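Counting convention: from 1, in listed order, for ligands and their atoms alike. Since we're looking at a predicted model, the values are computed, not measured.
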Amino acid sequence: MSTETSTPDAISPIRLARRATQVPPSATAALDAQAKALIARGVDVINLTSGEPAFPTVEPAAQAALDAIATDFTRYTPAAGILELRSAAANFINRHGTTYEPGQVVITAGAKQALHYAFTTLIEPGDEILIPAPYWVSYPHLAALAGGTLVPVQPAPDAGLKVTADQLRAAVTDRTRVLLLNNPANPSGVVYGRTELAALVQVAIDHDLAIISDEICDHWVFGESAHVSVAALSPEAAERTLTIGGVSKTFAMTGWRIGWVAAPTPVAAAITAIQSHTASAPSSISQKAALGALTADLTTELEYRRSELDDRRLTTIKALANVPGIRVDGDPTGAFFLLADVSGAYGRTSAGRTITSAADFAELLLAEANVAVVPGADFAAPHHARISYTVPPHRLEEALARIAAFVDGLGRASGRI
Ligand code: PLP
């Protein structure tokens, strides 16, 4: 990954603060940008790096935004967001069995900003944040900006990319302050079930940790899996949990930048105060758009989209099962990603280069087969590539055929295999 931003600019007299030099650009955004640059040059790249479902924004959201502009709903809103939206968001979150009041919900510019506020509000310099690996790329940097350190807990080999409560417990130190959970998980697509989740949450209860529960992909669960909200597990879980979510993924509204954090009242109040001095509030127009999405009856549309993505998920799993050297890891029944272990291709060659890492694999796959995937190093999954299966079916099938042909065409480095 580029480290350009982490070295002082030789021609600028401005000295960056240490915290600014320690935050690299997002690896997923970098690869996405690389793929888009090739596409702009006319190369037929199929981009499987994206972190968003390839559907249009739901129609009631777009209409509500137009109405907001037409009626000049274009001023500052209350810092925590407009009450109708906080109320609609609380209802939406509570479909999983939680009992949040509108006053406990703070509307933010995307789930990412909600996470930033959550870290800022909870973390003191030197604090440790426990997280099951593999994990989403932004977490370590969000933690570092708040002065904290992410402590990843790796799943055991062949444990389906899931960690156990015992593993978490063994990683707790006297600096541990937060357990960060992300279910359904990005990048692996695995979904922790009720019993598994309750066991992890018990570790936080036993060690008096706060829980940040990133549930941004709560709509995208497939097959037998069901979403379980951490704060719905028990009153003991709810009183220590900050639930993160938003409209980005469910309603295909990633560009509107509306997310939220739902939390015990004093935490919500502290976050509101921080937001009032930083963002003031999220965009008034986007808040109306989100309200449009949350208050329309979109059951049929959302179910259709879910079954579409489920088809694409199954197509991907089936196709990759027939590619020797690539192994889908865990049981990806959530989000819209999966992790493929590509270490079976190590030692093989393409364009005169020997593949020795998932980064080599991804680079050569893009250069030689015009398919973009994200290498897993920044997700703490160094031998995996993350595949996002949200692209339309004919493009997905073409991409999977290209991956199979790429792997089939790999040479053998002399003396290696
Ligand atoms: N959390 C996870 C796990 C994500 O994958 C993402 C987006 O990729 C976010 C949070 C951020 O969501 P938003 O676009 O609402 O900021």
Review point. Can R240 and D208 be counted as an ion pair, charged N to O under 4.0 angstrom?
Key: yes

Can you pull every nitrogen or oxygen pair between ligand 1 and the protein closer than 3.5 angstrom?
unit_1: ligand 1; atom_1: 1 (N); unit_2: D214; atom_2: OD2; d: 2.6
unit_1: ligand 1; atom_1: 5 (O); unit_2: N186; atom_2: ND2; d: 2.8
unit_1: ligand 1; atom_1: 8 (O); unit_2: K249; atom_2: NZ; d: 2.7
unit_1: ligand 1; atom_1: 14 (O); unit_2: S248; atom_2: OG; d: 3.3
unit_1: ligand 1; atom_1: 14 (O); unit_2: R257; atom_2: NH1; d: 2.9
unit_1: ligand 1; atom_1: 15 (O); unit_2: A111; atom_2: N; d: 2.8
unit_1: ligand 1; atom_1: 15 (O); unit_2: S248; atom_2: OG; d: 2.6
unit_1: ligand 1; atom_1: 16 (O); unit_2: A111; atom_2: N; d: 3.1
unit_1: ligand 1; atom_1: 16 (O); unit_2: K112; atom_2: N; d: 2.9
unit_1: ligand 1; atom_1: 16 (O); unit_2: R257; atom_2: NH2; d: 2.7

Point to revise | Partner residues of S286 under the side chain to side chain donor-acceptor pair (under 3.5 Å) criterion, sequence neighbours left out | key: S283

Review point. So with a 6.0 Å cut-off around CZ of R194, is the heavy-atom count from everything else above 12?
Key: no

Review point. Can you name the nearest heavy-atom pair linking S284 to F73, along with the distance?
Key: OG-O, 2.9 Å

Point to revise | Basic-acidic side-chain contact under 4.0 Å: E398, R395 | key: no

Study note, to complete from the structure: side-chain contact (heavy atoms from CB on, under 4.5 Å) test vs V190 passes for just one of L338, L339, D331, L161, namely L161

